[in-house]
Trainee: 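One structure is given below, represented as structure tokens, and several questions about it will come after.
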Amino acid sequence: MLSKNEILSLLKTKEIPKDLLEEAYKVRKYYSGRYVFFRALIEISNICQKACFYCGVNRENKNLKRYYINLETLKKIFEKVKNLKYTSVAIQSGEIISKKHFEFLKKIVTLAKSKYNFEITLSLGELPKKILKDLFSLGARRYLLRFEVATPKRYYLYHYKDNLHSYENRIKTLYTLKEIGYQVGTGFLVGLPFDNPLNLYKDIRLIQKLKPDMIGIGPYIPQKYTKLFNLLEKGVKILNEKDRFFLNIKLIAIFRILLKTPNIVASTALITLGTKFFPLEEVLNFAFKAGANVIMPVFTPSKEKKLYALYENKYFSEHEKFYDGTLKASFIPVLERYGNPISYYIRNFK
Ligand code: 5AD
């Protein structure tokens, strides 16, 4: 177990002690061997009502063409991933509150469950309780909603303070999701401007408090058409790319040791930064050894995929690359199982 002081001193230095990685790998191997769960990620729309200061699909970005995938396209993607033997799909979009959107969501969850029997993860922002409940009753079982920043004071450094950007509502939604019965995934951005070890420690504490079934953290990567980019232009400093990459790896190891059983994703942002310095299989090897056990190849059609521009030069996550990369990293891709986290089994089969 890691004490507060141990965690803080780990966060204050750039080195990753060998014994931290060894310990994390031991825990990882004990609970999940060398397995890596694959989820097919489909980004159904880049329309978003929010205006987060770090995010490229913020509603104020008028340079971005917006898309919304139709049912026919989605059916083709479902067929494709089914043929590749995927059993787990993740549906993501910007935050859209509209009746039409909700009806479409209900339709696609029904289709994914009744026709394909996929295990469904949703990542659609802070939707009202009623629709979250409806989607659960139609068969969705997992929900990803990063809290992004752990304390209200810091949350409003990167978000407006209004009805649409409420720290309180974000945290409340996480508890609502749990209450409905979803496996909940959450996490935060690593290496934002104004970040420091003490803040990061608070992010870790909130993860410990929420005890999520899934953890998704990713390094912050600047995007041109965002408020934060202007700050960087004015000279506000952030950690360099390599340091942000290794800080993220270190955090994965810390979470594997602290929480042991949740699924932890090797995020696209992590892979985007890592592959600037190392070949993909090395990046995956770092992430999986530190404790990550989930990866999400993207199946959004290529034209739309380019428009899901959360940040610059997003890694073009493809199934074949991730599959080969995982094997080359000496880990085992798993597609034909739902890949529930151990925490889920512990909760349900006591
Ligand atoms: N860099 C890295 N990750 C980002 N996200 C949004 N903008 C950025 C960025 N500039 C992440 C957020 C969100 C997820 C979908 O993408 O954490 O939850």
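Start at 1 and go down the list; that is how both ligands and their atoms are numbered. Atoms considered below: every heavy atom in the structure, side chains included; atoms not considered: hydrogens, waters and symmetry mates.
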Trainee: Does the distance from a Lys or Arg side-chain N to an Asp or Glu carboxylate O, for K227 and E60, drop under 4.0 Å?
Mentor: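 So K227 pairs with E60 through a salt bridge.
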Trainee: Quick one: is the NZ or CZ of K100 closer than 6.0 Å to the six-membered ring centre of Y68, and within 45° of its axis?
Mentor: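 That pair does not qualify as a cation-pi contact.
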Trainee: N/O of E148 under 3.5 Å from N/O of ligand 1, yes or no?
Mentor: yes
Trainee: What protein heavy atom lies closest to atom 11 (C) of ligand 1? Include the residue and the distance to one decimal.
Mentor: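 It is R146 NH1, 3.6 Å.
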Trainee: Check whether any N or O atom of Y220, backbone or side chain, sits under 3.5 Å from an N or O atom of ligand 1, and answer yes or no.
Mentor: no
Trainee: Check for me whether R141 meets the cation-pi criterion with F136, that is, NZ or CZ under 6.0 Å from the six-membered ring centre and within 45 degrees of the ring axis.
Mentor: yes
Trainee: Could you tell me whether Q223 approaches ligand 1 through its side chain, its backbone, both or neither, with non-hydrogen atoms closer than 4.0 Å?
Mentor: neither
Trainee: Would you say N61's side chain and G56's backbone share a donor-acceptor pair under 3.5 angstrom?
Mentor: yes
Trainee: Out of all atoms in ligand 1, which are within 4.0 Å of some heavy atom of Y311? Include the element for each.
Mentor: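 It comes down to these atoms of ligand 1: 1 (N), 2 (C), 3 (N), 4 (C), 8 (C), 9 (C), 10 (N).
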Trainee: Going by atom types alone, do Y116 and E79 pair a side-chain donor with an acceptor below 3.5 Å?
Mentor: yes
Trainee: Can you list the ligand 1 atoms lying under 4.0 Å from a non-hydrogen atom of P219?
Mentor: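 Atoms satisfying the 4.0 Å criterion: 1 (N), 2 (C).
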Trainee: Could you tell me whether some N/O pair between Y54 and ligand 1 is separated by less than 3.5 angstrom?
Mentor: yes
Trainee: Can you report which non-hydrogen protein atom sits closest to atom 16 (O) of ligand 1, along with the distance?
Mentor: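 Result for atom 16 (O) of ligand 1: L310 CD1, 3.5 Å.
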Trainee: Taking atom CG as the centre, does D162 end up with more than 12 heavy-atom neighbours from other residues, nucleotides or ligands that are less than 6.0 angstrom away?
Mentor: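 Yes, because the 6.0 Å sphere around CG of D162 holds more than 12 heavy atoms from other groups.
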Trainee: Taking 4.0 angstrom as the limit, do E168 and K172 come out as a salt bridge?
Mentor: no
Trainee: Among L189, I221, V57, which residue places a heavy atom closest to atom 10 (N) of ligand 1?
Mentor: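 When every heavy atom of L189, I221, V57 is considered, I221 comes closest to atom 10 (N) of ligand 1.
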